[in-house]
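Scroll down for the structure; my scribbles are underneath it.
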2 protein chains.
Amino acid sequence: MTELDKTYTAISVQALKRLPLYLNYLKSLDREKTKIISSPAIAKALGLNEVQVRKDLAAIKSGGRPRTGYLLEKLIGDLDTYLGYSNVNEAVLVGAGHLGRALISYQGFETYGLNIVVGFDVDETVVGTEICGKKVLPLEKLVSLCHRMHVNIGIIAVPAENAQEVCDLMVEAGILAIWNFAPAQLTVPAHILVQNENMASSLALLSKHLKKKMSKA
Amino acid sequence: MTELDKTYTAISVQALKRLPLYLNYLKSLDREKTKIISSPAIAKALGLNEVQVRKDLAAIKSGGRPRTGYLLEKLIGDLDTYLGYSNVNEAVLVGAGHLGRALISYQGFETYGLNIVVGFDVDETVVGTEICGKKVLPLEKLVSLCHRMHVNIGIIAVPAENAQEVCDLMVEAGILAIWNFAPAQLTVPAHILVQNENMASSLALLSKHLKKKMSKA
DNA sequence: TAGATTGTTAATCGATTAACAATC
DNA sequence: TAGATTGTTAATCGATTAACAATC
């Protein structure tokens with residue numbers, strides 16, 4: 001990574017992951033009543049360290065005021081802009097099984113600027129149907145459609161054994177970021193980001209915690 | 001954390017999260033053909049560092065052999081036991097909206113030893129219905145049912161603004177581990193684990209990556 | 001034996017937290 | 001001014017990776 005890139009990504013991965021939490025919390029506040037919010041207040045509400053909050057917010061250059069805090073309205077706006085929620089990102093999804101259907105019909109993503117425009121599957125019984133108004137097309141059309149519509153985000157919700165081939169298709173289709181729900185490690189060119197939504201990892205943590213509790217009880 | 005606790009949890013959170021990846025990969029191999037697998041081979045397949053793999057596997061005490069590697073069958077068994085997938089954990093889910101319905105109907109969790117036994121909701125139009133054979137009950141029955149059935153895992157799939165109250169109910173119901181899909185930071189007693197499935201954080205990473213790509217192009 | 005691999009100790013890297021000057 | 005807060009530098013903590021002895 002060059003020096004230039006460093007200034008570019010002057011925020012850590014961990015900090016970036018926390019930004020949506022701040023934004024979500026700040027948006028939950030009553031902007032009529034609360035004009036200013038301080039880092040200790042945010043930290044307390046979210047169970048974080050106040051220095052961490054300040055450092056994270058410093059990265060988005062929203063400029064707080066000593067003694068008072070941050071201007072709520074401005075902070076929300078800056079977070080929104082920084083996270084890119086203001087401009088909607090279009091995505092395609094492959095795999096219209098249980099999980100895929102859920103993701104397509106889940107309304108919550110639009111809040112975060114993600115819009116799933118179409119689904120793909122190989123199963124002829126689901127191809128041609130609609131899920132919440134979104135069409136399900138045959139997988140063969142993935143590459144041409146992505147190119148034509150300049151879609152940059154691909155969501156993988158297929159079984160682990162088919163994940164890599166779908167991934168390869170997405171790369172071919174010019175997708176730049178892949179959100180992978182399959183429990184598989186994907187191999188991609190360096191410029192493409194794979195974000196694993198690793199439910200198995202989460203379950204491992206839960207399971208371990210319970211085992212510990214049980215053996216103690 | 002006491003010295004005793006340290007030996008107890010001699011594995012790091014990050015390492016624990018990787019164990020399911022190893023298990024998943026090992027299970028995908030043909031056990032007839034492959035009797036032995038080495039850490040460099042696992043590392044290469046999953047795109048990890050081989051020392052990291054060895055260190056992670058050392059924590060589960062499966063004992064590899066210098067020059068050859070690990071016995072595949074034994075390693076799978078040990079990982080399975082360590083992760084607690086062998087004994088199924090029963091869970092309740094609150095919130096039968098889009099996401100909740102998806103989670104209830106998703107078959108994949110049983111592989112990881114998680115069995116969602118029943119759903120809860122406050123909406124009278126969904127209470128009494130069934131989703132993939134799982135009943136949806138009124139939220140008032142949560143506490144009594146969890147106590148009666150000794151359920152230890154709770155899944156929260158309600159909007160952010162209701163997450164804390166549902167969480168409090170779960171704590172009252174004796175739940176020990178909470179899998180939280182709501183974009184909210186939950187406050188719980190120290191002995192209870194909250195595992196946040198933070199889709200907003202993942203989207204933040206995707207969004208940032210794309211923004212960078214775009215500005216460069 | 002020579003060579004490949006395990007398991008562990010030491011060095012490095014990155015993220016969090018503590019300390020503190022600057023500010024209003 | 002006194003006091004609360006920001007922003008940054010230094011110290012700490014935890015995880016990853018490099019180095020290497022032990023093993024078969």
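Lettering of chains follows the sequences in order, A, B, ..., and the numbering in each one begins at 1.
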* **Interatomic distance where CD1 belongs to A:Ile60 and P belongs to D:dG7 [whole Å]** => 10 Å
* To the nearest Å, give me how far apart CZ (A:Arg67) and P (D:dA4) are. => 8 Å
* Heavy-atom donor-acceptor pair, B:His209 side chain to A:His191 backbone, under 3.5 Å -> yes
* Asked: Just to confirm, is there a sub-4.0 Å distance from OP1 or OP2 of C:dT5 to any side-chain nitrogen or oxygen of B:Ser39?
  -> no
* **Candidates D:dT6, D:dA15, D:dT17 - which lies nearest the side chain of A:Glu50** => D:dT6
* Would you check, one step at a time, whether the test salt bridge (charged side-chain N to carboxylate O under 4.0 Å, His left out) holds for A:Arg101 with A:Asp121? => CA-CA 11 Å; A:Arg101 302 178 78 82; A:Asp121 207 304; over 6 Å; no
* Structure fact -> Here the distance between atom C1' of D:dG14 and atom NZ of B:Lys17, to the nearest Å, is 14 Å
* B:Pro40 side-chain proximity, nearest of C:dA18, C:dT6, D:dT16 -> C:dT6
* Asked: Of A:Arg65 and A:Asn49, whose nearest nucleotide on DNA chain C comes first from the 5' end?
  -> A:Asn49
* Asked: So which one's nearest nucleotide on DNA chain D is more toward 5', B:Val13 or A:Ala58?
  -> A:Ala58
* To do: Select from A:Arg54 and A:Pro66 the residue whose nearest nucleotide in DNA chain C is closer to the 5' end of that strand.
  => A:Arg54
* What's the CG-P distance between B:Leu57 and D:dT16, to the nearest Å? -> 14 Å
* Asked: If we call it a pair only when both distances are under 3.5 Å in a Watson-Crick or G-U wobble match, what pairs with C:dA21?
  -> D:dT6
* Quick one: B:Ile42 CD1 to C:dG7 P, roughly how many Å, whole number? -> 11 Å
* What nucleotide, of C:dA15, C:dT6, D:dA19, holds the atom closest to the side chain of A:Gln14? -> C:dA15
* **Value rounded to 0.5 Å, distance of CG in A:Leu206 from CD in B:Gln195** => 5.5 Å
* Once you round it to whole Å, what is the distance between C1' of C:dA4 and CD1 of B:Ile36? -> 13 Å
* Asked: For the pair made of CG in B:Asp56 and P in D:dT17, what is the distance, rounded to whole Å?
  -> 11 Å
* In terms of heavy-atom contacts, does NZ of A:Lys35 have more than 12 from other residues, nucleotides or ligands at under 6.0 Å? -> yes
* **Per B:Tyr70 side chain, nearest of listed nucleotides C:dG7, C:dT17, D:dT6** => C:dG7
* Return the value, rounded to whole Å, for the distance between atom NZ of A:Lys55 and atom P of C:dA15. => 10 Å
* If you measure only the distance, is there a donor-acceptor pair under 3.5 Å linking the side chains of A:Asp56 and A:Gln52? -> no
